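In what follows, chains carry the letters A, B, and so on, assigned in the order in which the sequence lines appear, proteins first and then strands, with residues in each chain numbered from 1. Keep in mind it's a predicted model, so treat the numbers as computed, not measured. Any value given below was found using the heavy atoms of this structure, including those in side chains, with hydrogens, waters and symmetry copies removed.
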Amino acid sequence: MSNSEKSTSTPSDFIRTIIAEDLKANKNDGRVHTRFPPEPNGYLHIGHAKSICLNFGIAAENKGGICNLRFDDTNPSKEEVEYVESIKSDVRWLGFDWGDRLFYASDYFEQFYQYAVQLIKKGRAYVCSLSADKIREYRGTLTEPGKESPYRIRSIEENLDLFERMRAGEFEDGSHVLRAKIDMASGNLNMRDPVIYRVLRAEHHRTGNKWCIYPMYDFAHCISDSIEGITHSICTLEFEDHRLLYDWFLDELAVDCHPRQIEFARLNLSYTVMSKRKLLELVKEGHVTGWDDPRMPTLSGMRRCGYTPESIRNFCERIGVAKSNSMVDIALLYHCIREDLNKRAQRVMAVLRPLRVVIDNYPEDQVEELDAENNPEDPGMGSRKVPFSRVLYIEQEDFREDAPKKFFRLAPGREVRLKHAYYITCVDVIKDEQTGEVIELHCTYDPETRGGWSKDGRRVKGTLHWVSVAHSLEAEVRLYDHLFVKANPADGKEGSDFKSYLNPNSLETLTSCRVEPSLAGAAPGSRCQFLRHGYFCVDSVDSSEERLVFNRTVSLRDSWAKIEKKGQT
RNA sequence: UGGGGUGUCGUCAAGUGGUAAGACACAGGUUUUUGGUACCUGCAUUCGGAGGUUCGAAUCCUCCCACCCCAGCCA
């Protein structure tokens with residue numbers, strides 16, 4: 001393999017290293033089997049994408065490797081079918097395929113029950129009738145050991161009987177729980193007789209009211225992994241001290257597959273939040289329009305914003321996988337989507353804040369169809385025709401009455417190029433008598449520069465985009481910015497709410513934009529580059545034939561803005 | 001004197017005893033009909049700190065410091 005190939009292909013990280021070593025040591029009969037196990041209690045976000053890319057990626061990189069999609073649906077009070085459907089479509093959209101391996105922890109409820117009975121019979125689990133408060137009290141603290149429950153000494157027969165009656169629905173919610181009998185003095189709180197079953201009357205989105213007892217995560221997860229023959233159970237850092245319990249259950253139970261749990265650091269992205277709780281709060285309180293608001297870090301939001309699955313996968317690959325808590329700069333995400341769209345997005349001209357320009361020496365009724373390349377990065381994308389006429393719109397910010405030397409755009413007496421069209425020179429400025437606002441420019445064009453080339457070799461520094469007033473289409477354009485003004489909104493001052501850092505300007509809606517006519521009937525979700533502005537996509541919810549609505553995915557890099565900013569300070 | 005983890009450039013992150021990869025960001029420059037793209041250059045004498053072992057230490061040892069996670073009948 002050459003160096004260049006090495007740097008672009010298969011990623012390497014501590015998890016892949018572990019798996020390669022296991023393979024080398026001939027563990028698991030050479031199998032590599034992972035799983036992505038979301039709880040269907042919310043929408044997937046880019047943090048999940050990291051996990052999806054890791055689990056499905058590892059499977060794909062290894063010969064015969066497979067990855068399951070498993071819904072961890074053991075808590076019916078928080079889970080809904082709406083979420084399972086969105087999760088399935090998001091994973092598919094990201095570009096991954098679980099084949100026929102779609103599973104639900106709820107499919108194993110009967111098996112979990114039988115394993116629990118097995119534990120009771122071994123004397124390793126008991127029915128505890130302490131209240132939730134008492135259980136907490138008996139658990140001890142981080143620095144003091146806990147106390148044993150008085151119910152810990154119940155006989156196996158009594159436990160078996162009680163547990164069966166729990167399942168039969170003889171007891172109230174919260175009256176009894178099944179607990180593993182481990183060690184109330186363990187320094188690891190997870191080992192202080194953890195609850196493994198609770199009585200809970202709630203309708204489950206798949207099993208309905210068949211059950212009134214539900215297993216807890218620690219009990220259900222390791223068994224689910226084992227049942228599915230998972231070899232490497234990859235999860236996030238906060239489960240590190242659950243690993244002891246994970247292993248304890250599988251060691252105590254008669255199972256023939258004991259997966260290895262490996263933990264990695266979850267993704268944090270600057271200027272946004274990643275916790276489901278916080279995202280739900282933003283949705284519920286109306287700070288965003290929904291889970292698919294283009295400002296949300298959810299996959300549905302990013303999709304609506306115009307992100308490509310490729311760019312997100314590439315991002316996930318670039319951030320790497322490690323164990324240190326970190327905060328990735330959102331600039332890397334922006335780089336990934338620009339890099340992708342630069343190669344594939346068609347260029348079009350759109351004037352966001354129009355300023356009328358009359359070309360005095362251009363014939364009144366004349367219209368020319370000028371050639372415009374669709375993408376300078378890819379000649380294969382061909383070209384299109386753009387109508388040019390006497391009255392045009394250019395961008396307001398492309399004209400300045402008193403322009404500094406470094407301002408390469410239009411100003412009184414200055415000449416610029418109109419992209420794909422002609423050189424024009426500004427000869428007059430019309431202002432509103434009341435406000436003094438510039439409302440129209442008069443220019444002359446040089447007929448010898450058709451297409452934007454001058455025969456005499458004279459050069460202009462600036463090239464502007466434009467549209468023909470008579471031919472352009474009206475459009476609404478939504479400019480999005482960071483949802484938060486603080487890089488880490490969760491890291492506020494004592495007592496401050498993350499929402500106090502919400503960016504009041506995260507959305508700017510422009511309603512009188514004018515776009516070139518080739519955009520008529522643009523398909524919802526389709527992407528393009530508005531020349532000199534950025535990458536945009538047709539909003540999949542609000543855009544229609546009658547009303548074009550575009551979302552800005554990401555702006556172009558803007559070195560002029562930097563120069564200007566520098567000049568101000 | 002609870003347990004489990006992590007500390008390498010502004011941000012991620014390689015590195016596993018042989019003399020600090022790469023990416024993003026940032027700063028300069030070249031090309032340019034997008035102030036875009038592409039390309040070039042610069043950007044850690046140093047790896048949380050202090051000792052020690054060694055010809056040689058980010059990598060091994062000792063001590064210290066900082067930060068993260070855990071006391072749901074959530075996952």
Engineer: As a quick check of understanding, evaluate side-chain contact (heavy atoms from CB on, under 4.5 Å) for E79(A) and H204(A), giving each step before the final call.
Structural biologist: CA-CA 8 Å; E79(A) 298 150 6; H204(A) 188 280; 4.2 Å; yes
Engineer: Could you give the distance separating G51(B) and G15(B) at their C1' atoms, to the nearest angstrom?
Structural biologist: 24 Å
Engineer: Side chains of D225(A) and Y246(A): any donor to acceptor distance under 3.5 Å?
Structural biologist: yes
Engineer: Taking the six-membered ring for Trp, are F536(A) and F550(A) ring centroids under 6.0 Å apart?
Structural biologist: no
Engineer: When rounded to the nearest Å, what value does the distance between C1' atoms of A50(B) and A58(B) take?
Structural biologist: 16 Å
Engineer: Among the nucleotides C68(B), U34(B), G72(B), which one has an atom lying closest to any side-chain atom of N325(A)?
Structural biologist: C68(B)
Engineer: When we call it a touch if two heavy atoms are under 4.0 Å apart, what does V321(A) touch: a base, just sugar-phosphate, or nothing?
Structural biologist: sugar-phosphate
Engineer: Tell me the interatomic distance from E263(A), atom CD, to C68(B), atom P, rounded to whole angstroms.
Structural biologist: 19 Å
Engineer: Check residues 321-328 of chain A and write down every donor-acceptor pair under 3.5 Å in which the side-chain atom is one partner and the other belongs to a residue at least two apart or another chain.
Structural biologist:
| unit_1 | atom_1 | unit_2 | atom_2 | d |
| --- | --- | --- | --- | --- |
| K323(A) | NZ | E240(A) | OE2 | 2.8 |

Engineer: Does the ring centre of F112(A) sit less than 6.0 Å away from the ring centre of Y214(A)?
Structural biologist: no
Engineer: Between P38(A) and F14(A), just flag the one whose closest nucleotide in RNA chain B comes earlier from the 5' side.
Structural biologist: F14(A)
Engineer: Side chain of R318(A), heavy atoms from C-beta onward: which of A27(B), C74(B), C24(B) has the nearest atom to it?
Structural biologist: C24(B)
Engineer: Side chain of T463(A): nearest nucleotide among U34(B), A27(B), U37(B)?
Structural biologist: U34(B)
Engineer: Please pick, from C12(B), A13(B), G36(B), the nucleotide with the shortest atom-to-atom distance to any side-chain atom of I319(A).
Structural biologist: C12(B)
Engineer: Base, sugar-phosphate alone, or nothing: which one does I213(A) contact when heavy atoms must sit under 4.0 Å apart?
Structural biologist: nothing
Engineer: Please give, in whole Å, the distance from U31(B) P to R459(A) CZ?
Structural biologist: 9 Å
Engineer: Assess the pair W466(A) and F388(A): is the distance between their ring centroids shorter than 6.0 Å?
Structural biologist: yes
Engineer: Can you tell me if T74(A) uses its side chain to pair, donor with acceptor, with the backbone of Y217(A) under 3.5 Å?
Structural biologist: no
Engineer: Kindly say if R557(A) contacts the phosphate of G35(B), meaning a side-chain N or O under 4.0 Å from OP1 or OP2.
Structural biologist: no
Engineer: Between A71(B), G7(B), G36(B), which one does the side chain of R347(A) approach most closely?
Structural biologist: G36(B)
Engineer: Using the side chain to side chain contact (heavy atoms under 4.5 Å, CB included) criterion, which residues pair with V199(A)? Sequence neighbours excluded.
Structural biologist: M166(A), D173(A), R201(A), I213(A)
Engineer: Rounded to whole angstrom units, what separation is found between the OH atom of Y138(A) and the P atom of C73(B)?
Structural biologist: 15 Å
Engineer: Expressed as a whole number of Å, how far does the P atom of G28(B) sit from that of A14(B)?
Structural biologist: 31 Å
Engineer: Give the rounded distance in Å between these two atoms: CG of L244(A) and C1' of C70(B).
Structural biologist: 13 Å
Engineer: Out of curiosity, S131(A) OG to E137(A) CD, how far, rounded to the nearest 0.5 Å?
Structural biologist: 8.0 Å
Engineer: Is the gap between the ring centers of F315(A) and Y307(A) under 6.0 Å?
Structural biologist: no
Engineer: Which whole number of Å gives the distance between the P atom of A21(B) and that of G42(B)?
Structural biologist: 13 Å
Engineer: Heavy atoms from C-beta onward define the side chain here; which of A27(B), C73(B), U34(B) lies closest to that of I135(A)?
Structural biologist: C73(B)
Engineer: Is there a side-chain polar atom (N or O) of R344(A) under 4.0 Å from OP1 or OP2 of U37(B)?
Structural biologist: no
Engineer: Taking atom C1' in both C9(B) and C47(B), compute the distance separating them and give it to the nearest angstrom.
Structural biologist: 10 Å
Engineer: Could you measure between the two P atoms, the one in U37(B) and the one in C43(B), and give it in whole Å?
Structural biologist: 23 Å
Engineer: Which nucleotide in the list G35(B), C73(B), C12(B) gets nearest to the side chain of S559(A)?
Structural biologist: G35(B)
Engineer: Taking the six-membered ring for Trp, are the ring centroids of Y83(A) and Y43(A) within less than 6.0 Å of each other?
Structural biologist: yes
Engineer: For the side chain of A322(A), counting heavy atoms from C-beta on, which of C73(B), U34(B), A13(B) is nearest?
Structural biologist: A13(B)
Engineer: Taking only the side-chain heavy atoms of D241(A) (C-beta and beyond), determine which of C69(B), C12(B), G36(B) contains the nearest atom.
Structural biologist: C69(B)
Engineer: Is there side-chain contact between R179(A) and Y151(A), with heavy atoms separated by less than 4.5 Å?
Structural biologist: no
Engineer: Give each stem of RNA chain B as a range with a range, requiring at least 3 consecutive Watson-Crick or G-U wobble pairs whose two distances are under 3.5 Å.
Structural biologist: B:2-7 with B:65-70, B:10-12 with B:22-24, B:26-30 with B:38-42, B:48-52 with B:60-64
Engineer: Between I182(A) and L245(A), is there a side-chain heavy-atom distance shorter than 4.5 Å?
Structural biologist: yes
Engineer: Test of understanding: with side chain to side chain contact (heavy atoms under 4.5 Å, CB included), list the residues that count as partners of A350(A), not counting sequence neighbours.
Structural biologist: L352(A), V515(A), F530(A)
Engineer: Return the value, rounded to whole Å, for the distance between atom CH2 of W560(A) and atom P of G36(B).
Structural biologist: 12 Å
Engineer: Counting only side-chain nitrogens and oxygens, does T74(A) get under 4.0 Å of the OP1 or OP2 atom of C74(B)?
Structural biologist: no
Engineer: Could you tell me how far apart E238(A) (CD) and C68(B) (P) are, to the nearest whole angstrom?
Structural biologist: 15 Å
Engineer: With nearest nucleotides of RNA chain B determined for R409(A) and P215(A) from heavy-atom distances, which residue corresponds to the more 5′ nucleotide?
Structural biologist: R409(A)
Engineer: For Q529(A), which contact category applies under a 4.0 Å heavy-atom criterion: base, sugar-phosphate, or nothing?
Structural biologist: base
Engineer: Report yes if a donor N or O on one partner sits less than 3.5 Å from an acceptor N or O on the other, where the partners are the side chain of E564(A) and the base of G35(B); otherwise report no.
Structural biologist: no
Engineer: Looking at RNA chain B, which of residues 329-341 of chain A put a heavy atom within less than 4.0 Å of it?
Structural biologist: D329(A), A331(A), L332(A), H335(A)
Engineer: Centres of the H533(A) and H465(A) rings: under 6.0 Å?
Structural biologist: yes
Engineer: Heavy atoms under 4.0 Å, any strand shown: does R139(A) hit a base, just sugar-phosphate, or nothing?
Structural biologist: sugar-phosphate
Engineer: Would you measure the distance from the P atom in U62(B) across to the matching atom in C26(B) and give it in whole Å?
Structural biologist: 43 Å
Engineer: Could you work out which one of U34(B), G5(B), A75(B) sits closest to the side chain of K323(A)?
Structural biologist: G5(B)
Engineer: Between C61(B) and G7(B), how far apart are the P atoms? Round to whole Å, please.
Structural biologist: 15 Å
Engineer: Distance check needed: G36(B) C1' versus D558(A) CG, whole Å only.
Structural biologist: 10 Å
Engineer: When we call it a touch if two heavy atoms are under 4.0 Å apart, what does F264(A) touch: a base, just sugar-phosphate, or nothing?
Structural biologist: nothing
Engineer: Please list residues of residues 184-200 of chain A whose heavy atoms come under 4.0 Å from any atom in RNA chain B, ordered by number; otherwise none.
Structural biologist: G187(A), N188(A), L189(A), V195(A), R198(A)
Engineer: Does any N or O in the side chain of E516(A) come within less than 3.5 Å of the main-chain N or O of M349(A), such that one atom is a donor and the other an acceptor?
Structural biologist: yes
Engineer: To the nearest Å, how far apart are K565(A) NZ and A27(B) C1'?
Structural biologist: 16 Å
Engineer: Once you apply a heavy-atom cut-off of 4.0 Å, does H533(A) come out as touching a base, just sugar-phosphate, or nothing?
Structural biologist: nothing
